[in-house]
Amino acid sequence: MQRLLYLFVPLLLAGACQRASVPNAKRVVVTGIDTSKKPGDDFFTYANGIWSDTAQIPASQAGVGAYSFMNYPQRIRLQAILDSVSAGQHPKGSLEQQVGDFYASGMDIAAINKRGYDPIKPLLTRIDAVSDVSSLLKLVAEEQKVGNRSMIGFYVGPDTRRSTINIAQFSQTGIGLPERDYYIKTDPSTLLVQKGYRDFVARLFELTGTEAAAAQKNAAVVYDIEKQLAIAHRTNIERRDVKANYNKLAVAELAQKQPTLQWATLLADLGVQADSVNVAQPAYYDKLNTLLTAIAIEDWKVYVKAHTLSNYANHLSQPFVDASFAYTQILTGQAVMKSRAEEMTQAVDGSLGEALAQLYVKKYFPEEAKKRMVVLVDNLKKAFEARINKLDWMSDSTKTRAKEKLYAFSEKIGYPDKWRDYSKVDVKRDTYFENRLSANKNDYVQSLAKVGKPVDRTEWRTTPPTVTAYNNPPLNEIVFPAGILQPPYFDVNADDALNYGGIGMVIGHEITHSFDDQGAQYDKNGNVTNWWTKTDYTKFKGRTQQVIDQYNQFTVLDSVHVKGALTVGENTADIAGVAIAYDAFKMTEQGKSTTKLDGFTPDQRFFISIARIWRVKTRNAYMGMYVNTNPHSPAKWRVNGPLMNFTPFYNAFDVQPGDKMYKPANARITVW
C-alpha cells in the first residue's frame, strides 16, 4: 500500500475522494459513484467503475491504483529526493552521500554499459574452476554472502517455538520460475512462460559469448535441474502449514541424513555457528542432496552460472537489462521498461532503505498522522475484544487467551525508533555493481550476527515509505509504515467514516492476521503452541473452511478462479477487518449519527471507503501470475467477498434477494 506525488493524484483519485472546493473546507468529498450500477450486484464496480473505465495503466507498470501500485507514484517522491541529494556534495558516510552516490552510480548508464559484464567475469572464471561438489558448495556459500543466491535458501529469523531467540533457517529455493507449478502445468499460458524463461536463460549465456545453439542447450540443462528441484517443493498452499515448516534439527543429524550437502562445512562457509538449524522444507534438501551427485558437476556449473547471470542481469549493461525485461514482459504484461530513475530509486530503497526513509520522513510524514493512528489502533483493539466476547462458537477459556494475545500486541507506526546502520556500506559514485554488492554484504553480516541472539523487537521488515502494512506473528506485532498513512487509506482531513473504512479496515485486517489460519497457531508470546480447546479449534477450522469454499467460487479471468486455500488467511483478515473497523466506527460521533455528507449516510461512506482502498486495475498477464502466487485475493474480491458476508452493508445499501451479492443471513460467514 503506498502513495503519491501531487502530480499523480488525478491519476489515482480522479472521480474518487477529492478535496472540497469550498474555501477553507478541509473535509474530503466523495464523488464518482456509478449510480447506473446496483450496489448489491457488484459494489466494487459501483464505487470504482467510473475510475476504472478511464484509468490508464502506465506503459512501464503492470497495474495502477491503490494498494501496492501506489508505490509507483511513491517512488516519484523518493526519486525527487534522490535527484536533489545526488546533485550536491555531502560528507563521506552521511545519509545524503550514501543514497545520493548510490543513485548517481546507477544513473550513469554510459559507465555501466562500458563495463559490459566485466564485473562478473572473475566470478564466472571461479565457477569454471569448480571441480567437485565440495568446491561447488563452497562457492555457493561464498556467493550467498553478497546476495547471489542459487540452491541454498539461508536466512535468520525467530525460532517459532522460542520466539525470543533467532536461529539459522533454510527454506526451499533453487528455481527461476515464480513457483513449482509453473514447471508442472501444461496450459498454453504456462507453456508460454516456460519458453520465455528458457529463452531468457539462453540469451544470458549468449551475452557472455556462448554460441546460440550451446546457449539453448545450457538453458535446457538449467531448466531440467530446476524442474527436478521444483517437484520437491511444497506448494504455496502446503507452505501455509506453520507446524510443517518447523523442523529444527541437529547439524549432526542433518549430516547423517544428507551427507552430500556436508552440513558442517556448509554452515562454516556461510559463517554460521550453530548446533541446530530449522529446515523449513526438508524434502527440498533431500532432493538436492541426491541431485548433487546424480547430476554431472559440469551441469551444476551451468546451473550456477545461469543463476548468477539472472541475479546480476539488472546490475550490468543494457543488453542484460533488456533480456531480463523481456522475461518480465511475459510474466506481467508490462509494456515498456520502467524509467532508469524509477529502477534506481527502487534499488536505493532496497539497498539503503532506512537511510533514504529518514530523508522521506522529514519531508513527507506528518507527526499528526502518527498520533491519530494510535487512537485508531486502540479503538480497533477495543472493537475486536468486544467481538471476541460476543462469539457464540468459542468457549470462555479460549476467549480469555484470545484477549490476552490481543492486548499483548505491539504496534509500530510510521517509522522505526532506531534506524539501521549502513556505515559499513562503501558507496562510490562510479561503481554501481560494487555498491550493490557492498550493500548486500552489509545485509548478510547484520543478519548473520543475529544467529543465537535475542530477537531485536525494534527492527522493521519493510521500509517506511513503502505502501503496505503487515502482521509479524513471532513478535505478535502489527506494523503501519508512513507510506500507507495517506489517502485513500488515511487523511487527517477526512471524516471518520472514510478513515475507519480506509486505514481502520487495514488495522482490523492486520489484527485479525494474529487469529487467521496461521496466526491462530501462535500464542501471545509469538510461540507456536496450542492455546485453544480442541472443540474450539475444530469449530474455528470449520469456519475458515467456509471461507475457502466461498472464495473458490469467485472467478478472475474467464474460467480462472481465486485459490481459496492459498488466500484463506488474507480473506479471513478481510472479512473480520471490515467488521472490526465498522464496530470501531460506530463508537465515534459520526458513526452514531445518520447525517448525510455528499448524499451518503455515514455507513455508506464507510463502505465506499473500503471499496476505494482496493481500487486497482491490472494487466491480464500480471493477474494470471498474481492468482497463482499471491496469498491475497484480487482487489474486486477483497471488497465484494467480505461485504456480501456483512449484514450492516446490506442495511446501508438495501441489498435484497435477487441482487448478485446477496446471501441469506444464515449463509453469511463470521469467523471473528
Side-chain angles (χ1 to χ4, degrees), residues 1-5 8-9 12 58 60-82 95 98-99 102-103 332 338-339 341-367 369-370 373 377 411-420 422 439-440 443 446 458-472 475 477-491 502-503 505-507 509-510 513 570 573 613-616 618 622 626 629-632 635 638:
M1 315 185 238
Q2 203 159 328
R3 212 22 7 151
L4 68 196
L5 218 209
F8 287 87
V9 170
L12 294 182
S60 64
Q61 307 298 314
V64 68
Y67 192 38
S68 61
F69 295 107
M70 289 171 61
N71 284 303
Y72 169 48
Q74 188 76 334
R75 283 191 290 271
I76 305 303
R77 276 185 162 183
L78 294 173
Q79 180 187 325
I81 293 172
L82 290 168
L95 296 179
Q98 286 187 304
V99 301
F102 195 109
Y103 177 75
T332 68
K338 297 174 182 176
S339 70
E342 185 184 352
E343 291 283 6
M344 290 308 103
T345 300
Q346 282 184 264
V348 177
D349 185 55
S351 294
L352 300 170
E354 289 192 18
L356 177 58
Q358 292 178 62
L359 304 179
Y360 170 85
V361 166
K362 287 179 184 177
K363 188 173 180 65
Y364 290 112
F365 184 64
E367 288 300 320
K370 194 167 186 175
M373 277 293 291
V377 171
E411 302 93 31
K412 293 175 179 173
I413 299 170
Y415 53 88
D417 294 327
K418 180 177 71 176
W419 295 100
R420 273 196 62 184
Y422 296 102
N440 291 347
D443 287 344
Q446 290 189 357
T458 69
E459 285 189 333
W460 283 48
R461 293 171 57 184
T462 192
T463 61
T466 305
V467 181
T468 192
Y470 68 85
N471 179 300
N472 187 3
L475 271 65
E477 67 177 6
I478 48 178
V479 184
F480 305 97
I484 197 173
L485 301 181
Q486 52 186 306
Y489 295 93
F490 176 81
D491 190 330
I503 198 66
M505 188 274 183
V506 175
I507 295 168
H509 173 100
E510 298 306 336
H513 270 315
E570 300 295 339
I613 66 173
W614 305 123
R615 168 182 284 177
V616 165
T618 68
Y622 172 86
Y626 183 97
T629 61
N630 200 293
H632 300 83
R638 298 199 70 175

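Along the sequence shown, the residues carry numbers beginning at 1. Side-chain atoms are counted along with the backbone in the values below, which use heavy atoms only and exclude waters and symmetry mates.
The distance between the ring centers of Tyr622 and Phe69 falls below 6.0 angstrom.
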Criterion side chain to side chain contact (heavy atoms under 4.5 Å, CB included) on Gln486 and Tyr364, from CA distance to verdict: CA-CA 10 Å; Gln486 52 186 306; Tyr364 290 112; over 6 Å; no
Glu354/Tyr422 under side chain to side chain donor-acceptor pair (under 3.5 Å): CA gap, chis, key distance, verdict: CA-CA 9 Å; Glu354 289 192 18; Tyr422 296 102; 5.3 Å; no
Criterion side chain to side chain contact (heavy atoms under 4.5 Å, CB included) on Phe102 and Met344, from CA distance to verdict: CA-CA 9 Å; Phe102 195 109; Met344 290 308 103; over 6 Å; no
Worked check of side chain to side chain contact (heavy atoms under 4.5 Å, CB included) between Asn472 and Arg461: CA-CA 9 Å; Asn472 187 3; Arg461 293 171 57 184; 3.0 Å; yes
Tyr67 and Tyr489: CA distance, side-chain angles, deciding distance, side chain to side chain contact (heavy atoms under 4.5 Å, CB included) verdict: CA-CA 9 Å; Tyr67 192 38; Tyr489 295 93; 3.7 Å; yes
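Side-chain contact check for Gln61 and Glu342: at least one donor-acceptor pair (N or O, by modelled atom type) lies under 3.5 Å. Side-chain contact check for Glu510 and Asn471: no donor-acceptor pair (N or O, by modelled atom type) lies under 3.5 Å.
In this structure, the separation between CG on Leu485 and CD1 on Ile413 is 7.5 Å, given to the nearest 0.5 Å.
Residues that satisfy the side chain to side chain donor-acceptor pair (under 3.5 Å) test with Gln358, not counting sequence neighbours, are absent from this structure.
Geometrically, Lys338 does not engage Tyr72 in a cation-pi contact defined by less than 6.0 Å to the ring centre and at most 45° from the axis.
When all heavy atoms are compared, the tightest approach of Ala482 to Phe365 is CB-CD1, 3.5 Å.
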